[in-house]
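These notes are about the structure you will find just below.
Sequence lines set the chain letters: A, B, ... in the order given, protein chains first and strands last, and positions in each chain run from 1.
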Number of protein chains: 2
Amino acid sequence: MRDAELPDIRQLPLFRTMAEANFATVTRAAYDQTFPAQVQLIDEGATADFLHIVIEGSVELFAGWQGRETTLAVLRPVSTFILAACIRDAPYLMSARTLEKTRVILVPSVDLRAVFRIDPEFAMATITELAACYRSVVRHTKDLKLRSARERLAAYILKQARTAPNGVSFLLPIEKRLLASFLGITPESLSRAMKSLQEVGAKVDGQRIIITDRRALEAVAHPTPLIDGPDHEGLTAGLELPEAGVDGLVRPEDFALSGRT
Amino acid sequence: MRDAELPDIRQLPLFRTMAEANFATVTRAAYDQTFPAQVQLIDEGATADFLHIVIEGSVELFAGWQGRETTLAVLRPVSTFILAACIRDAPYLMSARTLEKTRVILVPSVDLRAVFRIDPEFAMATITELAACYRSVVRHTKDLKLRSARERLAAYILKQARTAPNGVSFLLPIEKRLLASFLGITPESLSRAMKSLQEVGAKVDGQRIIITDRRALEAVAHPTPLIDGPDHEGLTAGLELPEAGVDGLVRPEDFALSGRT
DNA sequence: GCAACGGCTTGATCTGCGTCAATTCCCGTC
DNA sequence: GACGGGAATTGACGCAGATCAAGCCGTTGC
């Protein structure tokens, strides 16, 4: 694989603290690949041979059953995903596809497992990472089970706005149909929920959301760190991404799970 | 704390492989306590000072928001819970209460964090444990997002039956209102769903479920290891519990998350 | 023995969200 | 600037599951 992105990967919480030699071992065995949009990278049920790292572009994690399909996360650079499956040497529970032209790095899970047996720092980083992932899914589950569709949307909008510099206006980082799927509803329902929130403090114009009455929105969403995050010690990989979000820029950070999977 | 249960704890996947000295350190600082039914052990939002281990009885993990409440898991001996919060030194995302007279062991999370920094075996066990927990919640989320209430119930029944020795008849290990909450529906809806499944292969008589037509049930639930588990390498703590489940005995194992949390 | 209390069931009704179908909007392409 | 195709919206309608309100039944306590 090319060396250009090594520093980026090295900066990931997962790899930041490990010994240089071990980092070299892991990355030497890895290789990177660029895919066009809409390519399925992972098929749920397949065995987890590689840890994936998104370097450029974006990746959707989703799962299907009986012809239905649901989005579980959308990842942007630089994040890793399907760590848990690699560790357990078990079948992936999710599928993954590129949403646009995307470059990913593939780390053989064999090497991964070998290294965190001998590198305590890496083991610690893995533990922290997994705990974060776990808490992220728990939050999502609570969101689904405790809130209505409208409440989930309001909470999502407030959460996105929180990461935008001005705090009131931002562009949706993903297509609405994906957001709908992530929120566990249909695109039609999302559309109607959006409309209903316009009378309550969230102006919608295409991809742009403008919060006109935060209080009113909060009265619907009742945001809480116990559902909407973030974990108090800050995000992980998603945070690496500096980039703005000023009016006019799309925020490239994760919209879903706190970091990766 | 008393020493009688040390061997049980030592046998947990989480503690099985660690060095004896470190196990002693962890358990020396721990203490155990017995609570009556319906005592709240953990309040979500509080900081995670202790890893909990259920020794006797049973514990419900749940979460609330705006007066609503949902069950996320029910744990039986011997299982640990809220490991992730301890690791991240973060607020609990779930509350916990005893369902009956219950004995738990409390391990200060400070000691825990200290030990897996120095004991690679324990770090490995923690990684495996967390990965299992993570996959368990992902499955639950897929269940909720991809299946209808009726389908979830059918899948649950098949899953329970799978663990029963004769494979066709078992007693519900928990109250129906808890099962309903876990499945994300109301008790009334559960009751109606049960009734509707009687015409499809699952006879219900109080706590007893008898599968009369597995094929028909499977046609509703379409069970798959990618949602219903188990992870191919087998369960963890839940499995420690041998005990039967023969017609007439209640199965004491977890009904919810694969092991603990 | 009976009363009281929770859990479970059943019925009637309501409603949030899904489904189906028809436009309309947006964006890239020719 | 017209065309094509997928995304988004809108409307009409249906249904799964929630809510509200009795009643039932098994357990606990006096």
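- Atoms CZ (A:Arg68) and P (C:dG18) sit 12 Å apart, rounded to a whole Å.
- Note that CE of A:Met194 and CG of A:Leu153 are 5.0 Å apart. Values are rounded to the nearest 0.5 Å.
- Closest heavy-atom contact between B:Leu75 and B:Phe81: CD1-CB, 3.3 Å.
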Between protein and nucleotides 25-27 of chain C, what N or O pairs are separated by less than 3.5 Å?
none

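- Contacts of B:Ser189 classified as side chain to side chain donor-acceptor pair (under 3.5 Å), with partners at least two apart in sequence or in another chain: B:Thr186.
- Side-chain atoms of A:Thr70 come within 3.5 Å of backbone atoms of A:Ser181 as a donor-acceptor pair (strictly under, hydrogens ignored).
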I'd like a table of donor-acceptor pairs (distance under 3.5 Å, sequence neighbours excluded) in which one partner is a side-chain atom from residues 50-69 of chain B, with atom names and distances.
{"residue": "B:His52", "atom": "ND1", "partner": "B:Phe50", "partner atom": "O", "Å": "3.1"}
{"residue": "B:Glu56", "atom": "OE2", "partner": "B:Arg103", "partner atom": "NH2", "Å": "3.4"}
{"residue": "B:Ser58", "atom": "OG", "partner": "B:Glu100", "partner atom": "OE2", "Å": "2.5"}
{"residue": "B:Glu60", "atom": "OE1", "partner": "B:Arg97", "partner atom": "NH1", "Å": "2.7"}
{"residue": "B:Glu60", "atom": "OE2", "partner": "B:Thr71", "partner atom": "OG1", "Å": "2.8"}
{"residue": "B:Trp65", "atom": "NE1", "partner": "A:His222", "partner atom": "O", "Å": "3.0"}
{"residue": "B:Gln66", "atom": "OE1", "partner": "A:His222", "partner atom": "ND1", "Å": "3.3"}
{"residue": "B:Gln66", "atom": "NE2", "partner": "A:His222", "partner atom": "NE2", "Å": "3.1"}
{"residue": "B:Arg68", "atom": "NH1", "partner": "A:Leu146", "partner atom": "O", "Å": "2.9"}
{"residue": "B:Arg68", "atom": "NH1", "partner": "A:Glu151", "partner atom": "OE1", "Å": "3.0"}
{"residue": "B:Arg68", "atom": "NH2", "partner": "A:Glu151", "partner atom": "OE2", "Å": "3.1"}
{"residue": "B:Glu69", "atom": "OE2", "partner": "B:Arg97", "partner atom": "NH1", "Å": "3.3"}
{"residue": "B:Glu69", "atom": "OE2", "partner": "B:Arg97", "partner atom": "NH2", "Å": "3.0"}

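- Atom NZ in B:Lys145 sits roughly 15 Å away from atom C1' in C:dC17 (whole-Å rounding).
- One N or O on the side chain of A:Thr141 and one on the backbone of A:Val137 form a donor-acceptor pair closer than 3.5 Å.
- Judged as a salt bridge (Lys or Arg N to Asp or Glu O under 4.0 Å), and not counting sequence neighbours, A:Arg162 has no contacts.
- When the C1' atoms of four end pairs are superposed on the next four at each end of the helix from C:dG1-D:dC30 to C:dC30-D:dG1, using five pairs per end, the two resulting axes differ in direction by 40°, to 10°.
- Residue pairs satisfying the side chain to side chain donor-acceptor pair (under 3.5 Å) criterion with at least one member in residues 196-206 of chain A, sequence neighbours excluded, are listed as follows: A:Arg150-A:Ser196.
- Every residue two or more places apart in sequence or in another chain was checked for a side chain to side chain donor-acceptor pair (under 3.5 Å) with A:Lys176, and none qualifies.
- Qualifying side-chain contact (heavy atoms from CB on, under 4.5 Å) partners for A:Ala216, counting only residues two or more places apart in sequence or in other chains: A:Val200, A:Asp213.
- Nearest heavy atom pair, residue A:Ala149 against residue A:Ile185, reads CB-CG2, 3.5 Å.
- Applying the side-chain contact (heavy atoms from CB on, under 4.5 Å) criterion to A:Asp143, with sequence neighbours excluded, gives A:Arg147, A:Arg152, A:Ile227.
- For DNA chain D, the contact window with chain B, defined by any atom under 4.0 Å from a protein heavy atom, covers D:dG17 to D:dC20 in 5' to 3' order.
- With sequence neighbours excluded, no residue forms a salt bridge (Lys or Arg N to Asp or Glu O under 4.0 Å) with B:Arg192.
- Against DNA chain C, the stretch residues 183-195 of chain B makes heavy-atom approaches under 4.0 Å through B:Glu188, B:Ser191, B:Arg192, B:Lys195.
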